[in-house]
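Just below is one structure, and these are the notes that go with it.
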Amino acid sequence: MIKVAPSILSADFCKMAEAVENLKTWNADIVHCDVMDGVYVPNITFGMPMVKALRRYTDMPLDVHLMITEPEKYVGQFCEAGADIVTFHPEVSKNARQALDAIRNCGKRCGVAVNADMPLEIALPYLEQIDLLVIMTVQAGFGGQSFMENCLEKARMADGIRRKGNLKFKIEIDGGVCPSNISLVKAAGADIAVAGSAVFKAENPAYAVRSMQI
Ligand code: DX5
Ligand code: ZN
């Protein structure tokens, strides 16, 4: 069954504690935290203090997606703040391998993310080293964008490589995922689906979560 990781980017920023507590009652699996620096992407969200604050309100896994330049400078601090999974975009890292090791050495799960305009090739050198491969189905930067189905080809390719090489990483699809495209996401080999607006803007968020756990 696909795990659902709602992105708190679509929650009310004045009620973040309530948002993560709600996610538990809605039976979501993972909390997806989108960190943006205004440099790698044209938007700024939140940083380690938010992760640290949320850690006190939930025992759910915190999946921290870093959309920041030079992520290697900050991965350790996100681990210390209470992240369980830390992923970043390798093309803006000066030493991605070292950053992945640093996350591992903190006892956390690590991964790389492939933006919508990036080829899967940027992630290939790390597939044996990562726990999670994020394939983005929108251009990183904002919630609420429409799903780019053509990006799923990268997930299919990664799934093929994973099977062939008997590799262990999980595949997460991030961006524009909703109940009406979840079957495509699953068919592409996804293990985890990130969904921001499809959960937080839903009339019945618990139902939205359940309908994506297919
Ligand atoms: C985009 C973020 C996504 C996104 C998900 O830069 O990484 O996690 O906010 O939100 P929706 O599901 O609304 O696209
Ligand atoms: Zn994300």
Side-chain angles (χ1 to χ4, degrees), residues 2-13 16 19-20 22-23 26 28-47 50-51 54 60-69 71 74-75 78 83-92 109-118 123 130-152 154-155 170-186 188 190-203 205 207-209 211-213:
I2 288 213
K3 288 188 172 162
V4 173
S7 166
I8 55 169
L9 185 57
S10 300
D12 181 340
F13 271 42
M16 278 302 195
V20 291
N22 283 339
L23 289 182
W26 299 338
D29 300 286
I30 294 166
V31 180
H32 187 82
C33 306
D34 284 308
V35 174
M36 304 187 190
D37 68 350
V39 179
Y40 176 62
V41 288
N43 191 11
I44 300 178
T45 55
F46 51 77
M50 177 66 86
V51 173
L54 292 178
M60 290 174 69
L62 294 177
D63 164 24
V64 176
H65 176 194
L66 299 179
M67 284 157 277
I68 65 175
T69 48
Y74 303 100
V75 290
F78 279 99
D84 297 287
I85 309 165
V86 179
T87 64
F88 59 86
H89 291 260
E91 74 274 24
V92 282
R109 281 174 278 165
C110 64
V112 292
V114 180
N115 209 340
D117 64 354
M118 283 286 144
I130 57 174
D131 302 292
L132 187 65
L133 173 68
V134 184
I135 301 289
M136 296 204 62
T137 38
V138 297
Q139 187 62 18
F142 300 92
Q145 304 180 72
S146 12
F147 182 72
M148 294 163 72
E149 194 183 330
N150 60 320
C151 293
L152 288 181
K154 288 180 258 183
K170 303 284 184 210
I171 298 176
E172 178 176 271
I173 304 293
D174 184 10
V177 177
C178 63
S180 63
N181 57 33
I182 193 71
S183 48
L184 291 173
V185 166
K186 175 155 179 142
D191 305 285
I192 303 168
V194 175
S197 19
V199 171
F200 283 102
K201 310 281 186 234
E203 231 165 83
Y207 181 74
V209 168
S211 52
M212 289 186 278
Q213 287 165 328

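One-based numbering, in listed order, for ligands and for the atoms of each. One-based numbering along the sequence shown. Because only heavy atoms are used, hydrogens play no part in the values below, and waters and symmetry mates are left out as well, while side chains stay in.
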Checklist entry - So is there a nitrogen or oxygen of Gly144 less than 3.5 Å from a nitrogen or oxygen in ligand 1? => result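 Among all N and O atoms of Gly144, at least one is under 3.5 Å from an N or O of ligand 1.
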Checklist entry - What do you reckon, does Gly175 put a non-hydrogen atom under 4.0 Å from ligand 1? => result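 For ligand 1, residue contact (heavy atoms, under 4.0 Å) with Gly175 is present.
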Next on the checklist: Quick check on Met136 - does any of its heavy atoms sit under 4.0 Å from an atom of ligand 1?
Outcome noted: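 Yes, Met136 has heavy atoms under 4.0 Å from ligand 1.
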For [atom], what's the nearest protein heavy atom and its distance?
atom: atom 14 (O) of ligand 1; answer: Gly176 N, 2.8 Å
atom: atom 6 (O) of ligand 1; answer: Gly141 N, 2.8 Å
atom: atom 1 (C) of ligand 1; answer: Phe142 O, 3.6 Å
atom: atom 12 (O) of ligand 1; answer: Gly196 N, 2.7 Å

Item to check | Three-point angle Asp34:OD1, the Zn ion (ligand 2), Asp174:OD2, rounded to the nearest 10° | outcome: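 Between OD1 of Asp34 and OD2 of Asp174, at the Zn ion (ligand 2), the angle is about 170°.
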Item to check | Side chain, backbone, both or neither: the part of Ser197 lying under 4.0 Å from ligand 1 by heavy atom | outcome: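 It is both parts that get close, each with some atom under 4.0 Å.
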Checklist entry - Between Thr45, Asp174, Leu9, Val41, which one has a non-hydrogen atom sitting closest to atom 3 (C) of ligand 1? => result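 The residue whose heavy atom sits nearest atom 3 (C) of ligand 1 is Asp174.
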For the [atom1] atom on [X], are there more than 12 heavy atoms of other groups (residues, nucleotides or ligands in this structure) within a distance under 6.0 Å?
X: Tyr74; atom1: OH; answer: no
X: Phe13; atom1: CZ; answer: yes
X: Glu149; atom1: CD; answer: no

Checklist entry - Which atoms form the tightest heavy-atom contact between Asn115 and Tyr40, and what is the distance? => result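 Closest approach of Asn115 to Tyr40: ND2-OH, 3.0 Å.
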Next on the checklist: If you compare all heavy atoms of Asp29 against all heavy atoms of Lys3, which two are closest, and at what distance to 0.1 Å?
Outcome noted: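 Heavy atoms only, the tightest pair is OD2-CA, 3.3 Å.
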